[in-house]
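Residue numbers start from 1 in every chain, and the chains themselves are labelled A, B, ... in the order their sequence lines are given, proteins ahead of strands. Values reported hereafter were calculated over all heavy atoms of this structure, with side chains retained and with hydrogens, waters and symmetry mates removed.
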Number of protein chains: 2
Amino acid sequence: MSCFSPLTSELPFAVRSCDRLKGSQLTRLDPADPQPAYRQIADRLRERILRGELAPGEPLPSESELIAEFAVSRPTIRSALSVLKNEGRVHARQGRGVFVRGVEPRLRRSSDRYSRRDREAGRTPVMVDTTAIGPPKIELLRFAPEPASPAVAGRLALAEGALILLTALRVYTADFVVQTSTAYMPYHLVKDSPVADPGQQPWLGDTIANLASLDVHVDRVREEVVTRASTPQEATDLRLRSGEHVFKIARTMFAAGIPVEVSDIVMAADRYVLAYEFPVE
Amino acid sequence: MSCFSPLTSELPFAVRSCDRLKGSQLTRLDPADPQPAYRQIADRLRERILRGELAPGEPLPSESELIAEFAVSRPTIRSALSVLKNEGRVHARQGRGVFVRGVEPRLRRSSDRYSRRDREAGRTPVMVDTTAIGPPKIELLRFAPEPASPAVAGRLALAEGALILLTALRVYTADFVVQTSTAYMPYHLVKDSPVADPGQQPWLGDTIANLASLDVHVDRVREEVVTRASTPQEATDLRLRSGEHVFKIARTMFAAGIPVEVSDIVMAADRYVLAYEFPVE
DNA sequence: TAGTGGTCTAGACCACGGC
DNA sequence: CCGTGGTCTAGACCACTAC
């Protein structure tokens with residue numbers, strides 16, 4: 001397209017003179033650079049973004065403009081753009097263009113939320129700092145006693161196959177899912193109590209309050225954080241595109257040194273900042 | 001590789017009937033499926049991986065085999081594979097093949113490392129659980145007093161432009177970089193002390209010990225964790241491919257409620273599990 | 001040498017969005 | 001309507017690895 005240079009077939013990379021380019025100068029790639037063209041192009045575009053030359057929300061030059069600017073074929077431009085997409089720096093919208101992704105404010109998930117003060121103020125510990133987006137809605141996906149898997153039994157220091165109470169939740173805010181959690185409690189702790197009654201559960205999602213009502217007092221929390229690409233299921237749940245990252249938190253609550261609940265919490269990695277504050281010594 | 005073992009078909013996961021080896025049956029795509037071919041193919045391959053049909057370390061079928069199996073062109077197969085690469089589920093090695101990525105054990109970075117017991121045992125708090133890989137080596141990149149940037153001044157509750165001591169470190173283990181950190185301390189705390197002397201610094205990387213020698217006693221730590229794609233600089237430092245994720249930890253140390261050090265710590269996200277343990281109430 | 005993945009081109013058709 | 005990005009094809013050459 002454009003720029004019918006007879007040099008095209010002679011010189012594989014660049015060096016085509018093309019006087020009338022629509023706005024954008026021709027940008028030469030460095031043939032000495034061992035990096036392939038699509039990486040060099042991605043690097044140049046990334047620089048423009050990091051330097052603020054292309055501000056958040058702004059569109060990048062269109063594919064055809066980039067083809068003209070760098071004098072390469074469309075697939076090469078698309079490879080370059082896909083690098084930036086995979087880095088989460090831009091997102092494409094069909095029919096519109098490719099846009100620099102803004103730094104959306106992240107939800108803050110703070111270890112403070114386990115403090116008694118917050119609980120007594122009536123704040124649910126499922127998440128905090130919902131001030132900007134309203135209170136969370138909780139959807140109960142499953143709630144049932146089950147035999148513990150070996151992994152869960154190990155984490156709860158139970159015999160394999162012992163009964164646990166499984167609670168699977170999904171947390172929404174303003175109709176978009178922000179996290180899912182799957183929690184396991186030893187069934188013998190909650191049996192015959194309101195906590196084990198799906199219709200009655202008094203503090204859905206608030207393990208500490210639930211256990212306190214049974215005179216089990218959580219005094220220590222451990223959270224182990226990893227991040228990885230989402231599975232298709234998680235991507236569906238959290239409305240991510242497959243491949244976007246999640247935080248996965250394996251949480252254990254202890255009462256007097258005994259694990260009384262473990263849970264696996266999954267949330268969109270780029271929507272959260274995890275804040276931990278703890279004493280030293 | 002494939003199908004020499006008669007046991008294969010008995011194993012719970014390897015269900016392929018392997019009569020005539022990689023003749024690999026033709027796998028039909030669903031034309032009714034609104035998903036494009038490359039995604040359908042990626043999904044099928046992902047399933048095989050998640051089901052264990054393709055075990056960690058094993059090669060996927062080669063591109064030409066996949067072309068035959070799904071009856072599509074090479075670029076389509078390559079798009080499908082690039083989806084899985086970007087998810088971190090496989091990695092390609094030129095001239096060899098595409099291999100299922102194993103779950104390498106992650107280094108554990110635990111909040112315990114700030115405890116006095118560990119310090120007195122002589123363990124450096126820069127990282128822990130180095131048992132598997134030997135003690136860390138610390139490279140000092142920069143060590144100099146500087147005027148604080150507005151951001152750092154804010155985090156340290158100093159006036160803008162106040163002097164801070166900047167310490168930039170890189171931590172190696174067995175010759176591979178595991179984390180970088182940039183720390184800032186109010187210069188007035190350390191001025192004229194051995195802590196401010198590059199040649200003398202007694203506990204490089206151990207802020208708590210350094211400050212304790214000046215009678216400043218850290219009693220609380222806050223860490224704020226985010227994850228995002230690495231910048232090119234970080235990718236170089238940590239030997240990541242551009243686009244792989246990092247954890248970024250913004251740490252603040254407090255003594256009697258006053259921030260006495262802030263630091264930014266960056267590490268390869270898929271090499272770490274961050275463990276936090278803290279009391280409730 | 002044969003097979004693998006890595007890069008690049010040229011050209012085609014489609015779906016979406018705004019005018 | 002036209003321009004945008006999304007998908008797909010066919011074919012080429014290269015660099016690396018194994019044998």
>> Return whichever of A:G95 or B:V98 has its heavy-atom-nearest nucleotide of DNA chain C closer to the 5' end.
In response: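 Of the two residues, B:V98 wins.
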> With nearest nucleotides of DNA chain C determined for A:Q94 and B:R93 from heavy-atom distances, which residue corresponds to the more 5′ nucleotide?
Replying inline: B:R93
>> Are the side chains of A:V90 and A:F99 in contact, using a 4.5 Å heavy-atom criterion?
In response: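 Not touching, per the 4.5 Å side-chain cut-off.
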Could you tell me whether the phosphate oxygens of [N], OP1 or OP2, come under 4.0 Å of any side-chain nitrogen or oxygen in [X]?
X     : N      : answer
B:R78 : C:dG6  : yes
B:S79 : D:dC8  : no
A:Y38 : C:dC8  : no
A:R96 : C:dG18 : yes
B:S62 : C:dG3  : no
B:S64 : C:dT4  : yes

Side chain of [X], heavy atoms from C-beta onward: which of [options] has the nearest atom to it?
X     : options               : answer
A:P75 : D:dT9, C:dT9, D:dG5   : C:dT9
B:A92 : D:dA10, C:dA10, C:dG6 : C:dG6
A:S73 : D:dC8, C:dC8, C:dG6   : C:dC8

Measure [atom1]/[X] against [atom2]/[N] and give the value in whole Å, please.
X     : N      : atom1 : atom2 : result
A:L81 : C:dC8  : CG    : C1'   : 16 Å
B:F99 : D:dC16 : CZ    : C1'   : 13 Å
A:I77 : D:dG3  : CD1   : P     : 19 Å
B:L60 : C:dT4  : CG    : P     : 13 Å
B:I67 : C:dG6  : CD1   : C1'   : 14 Å
B:L84 : C:dG5  : CG    : C1'   : 15 Å
B:Q35 : D:dT7  : CD    : P     : 10 Å
A:H91 : D:dT4  : NE2   : C1'   : 15 Å

>> Using a distance-only criterion (donor-acceptor N/O pair, under 3.5 Å, no hydrogens), is the base of C:dT9 paired with the side chain of B:R74?
In response: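 Donor-acceptor pair under 3.5 Å: no.
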>> Under the side chain to side chain donor-acceptor pair (under 3.5 Å) test against B:Q233, which residue among B:T236, B:D237, B:T231 passes?
In response: B:D237
> For B:R101, which of B:I49, B:L84, B:D270 qualifies under side-chain contact (heavy atoms from CB on, under 4.5 Å)?
Replying inline: B:D270
> Please walk me through it: do A:T76 and A:S73 pass side chain to side chain donor-acceptor pair (under 3.5 Å)?
Replying inline: CA-CA 5 Å; A:T76 303; A:S73 70; 3.3 Å; yes
>> Distance check, rounded to the nearest 0.5 Å: A:E63 atom CD versus A:I77 atom CD1?
In response: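 Between atom CD of A:E63 and atom CD1 of A:I77 there are 8.0 Å.
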